Amino acid sequence: SDPSFDWQESRRWCGDVLRRLTRWWEKNPDLISLLGRADHNVGGDEHHIIRVEAFPDRVFKLTHGDNFGCRSYFSPHDPELTGRHFHGTGNADPFFYLRRWRLLNLIGGYQTRFEGFVPAEKPGWLPRICVSQPALEGTNPPRSDIRKAMLPYGYREISEDAFLDFDSGVLLTDLAPRNVRIVEGIPAPFDAIAQLASPAVLAWARGRLG
């Protein structure tokens, strides 16, 4: 938990620590057996998406090997005029990944549940994390509908697919149509990357929006 430790730069050490902490999960046959019997579908860059017949109302997500989902990095520059200032990259920090879901759980009724750790796919790789979420029906909304749905909750768009609540400091990135459902007018950002905005991002966003 040392804040000066950079998990991104120390994957091997991270893997050694997690393997010690997750021995109970690696010996837990229930979760591994449950996932092993189900069909796996690749879900974007971050997860395998798993539907389990015994739990039809939930969707299970298993991180890809040697990564804990994605994280966003900020760039104030946009030389190609894409409108995008937050870009995805791989994430080796398990705490960042778990905080991401905790933040989303705190700001809405759509709840993600930690299911457990799963052994690494290959020797020396990081263990995987499994979470589950309520299944959502519907289609992907256009960006204009996402903007309208997020505004009443205090989230303002500061860049394409990036929204910030200036009061709480919660930053939601990768809030693209593929990662959102709007159910009875209420947005459910089921796969957004949630984090607390850095001082640099807050200052940049305030200047950008005036």
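This one's a predicted model, so the numbers in the text were calculated from it and none came from an experiment.
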For [X], what residues pass the side-chain hydrogen bond (donor to acceptor under 3.5 Å, both in side chains) criterion, not counting sequence neighbours?
| X | result |
| --- | --- |
| Arg206 | none |
| Ser75 | none |
| Asp145 | none |
| Ser144 | none |

So, do [X] and [Y] sit near enough that their side-chain heavy atoms are less than 4.5 Å apart?
| X | Y | result |
| --- | --- | --- |
| Leu202 | Leu171 | no |
| Val118 | Ile129 | no |
| Phe86 | Ile193 | no |
| Arg128 | Phe117 | no |
| Arg113 | Gln133 | no |
| Asn91 | Cys70 | no |
| Val180 | Asn140 | no |
| Ile49 | Lys61 | yes |

Inter- and intrachain pairs under ring-ring contact (aromatic ring centres under 6.0 Å, His included), touching residues 154-173, at least two apart: none

Contacts satisfying ring-ring contact (aromatic ring centres under 6.0 Å, His included) that involve residues 181-210 (not counting sequence neighbours) are Phe74-Trp204, His85-Trp204

I'd like to know if the side chain of [X] and the backbone of [Y] have a donor-acceptor N/O pair within less than 3.5 Å.
| X | Y | result |
| --- | --- | --- |
| Asp165 | Val170 | no |
| Ser198 | Val201 | yes |
| Asn67 | Gly90 | no |

Testing the basics here: between [X] and [Y], what is the closest heavy-atom pair and its distance to 0.1 Å?
| X | Y | result |
| --- | --- | --- |
| Pro134 | Tyr110 | O-OH, 2.8 Å |
| Tyr73 | Gly88 | CE2-O, 4.1 Å |
| Pro189 | Leu104 | O-CD1, 3.6 Å |
| Leu164 | Ala205 | CD2-CB, 3.8 Å |
| Gly185 | Ala149 | O-CB, 4.4 Å |
| Gln195 | Thr173 | OE1-OG1, 4.4 Å |

For Arg178, the salt bridge (Lys or Arg N to Asp or Glu O under 4.0 Å) test, sequence neighbours excluded, returns Asp174

Output all residues satisfying salt bridge (Lys or Arg N to Asp or Glu O under 4.0 Å) with Arg147, sequence neighbours left out; order by chain, then residue number. Glu157

Taking a hydrophobic cluster as the set of Ile, Leu, Val, Met, Phe, Trp and Tyr residues connected by side-chain heavy atoms closer than 4.5 Å, whether directly or through intermediates, do [X] and [Y] fall within one such cluster?
| X | Y | result |
| --- | --- | --- |
| Leu172 | Tyr153 | yes |
| Trp125 | Phe68 | no |
| Leu175 | Ile186 | yes |
| Leu151 | Ile146 | no |

Using the salt bridge (Lys or Arg N to Asp or Glu O under 4.0 Å) rule, collect all pairs that involve residues 132-143, keeping only residues at least two apart or in two chains. Arg143-Glu160, Arg143-Asp161

Pair Asp66, Lys122 - check side-chain contact (heavy atoms from CB on, under 4.5 Å), show working. CA-CA 9 Å; Asp66 212 34; Lys122 296 182 180 180; over 6 Å; no

Any residue meeting side-chain contact (heavy atoms from CB on, under 4.5 Å) with Ala135, in chain and number order, not counting sequence neighbours: Arg51, Val59

Hits for side-chain contact (heavy atoms from CB on, under 4.5 Å) against Gln111, two or more places apart or cross-chain, chain-then-number order -> Asn105

Sequence neighbours excluded and cut-off under 3.5 Å, please list the side-chain donor-acceptor pairs for residues 95-103, or say none.
from   : atom 1 : to     : atom 2 : distance (Å)
Tyr97  : OH     : His47  : NE2    : 2.9
Tyr97  : OH     : Trp101 : NE1    : 3.3
Arg100 : NE     : Ala192 : O      : 3.1
Arg100 : NH1    : Glu46  : OE1    : 2.5
Arg100 : NH2    : Glu46  : OE1    : 3.4
Arg100 : NH2    : Glu46  : OE2    : 3.3
Arg100 : NH2    : Asp191 : O      : 3.0
Arg100 : NH2    : Asp191 : OD1    : 3.2
Arg100 : NH2    : Ala192 : O      : 3.4

For the atom pair [atom1] ([X]) and [atom2] ([Y]), what is the distance rounded to the nearest 0.5 Å?
| X | Y | atom1 | atom2 | value |
| --- | --- | --- | --- | --- |
| Arg156 | Met150 | CZ | CE | 13.5 Å |
| Ser132 | Asp57 | OG | CG | 11.0 Å |
| Asp93 | Leu126 | CG | CG | 10.5 Å |

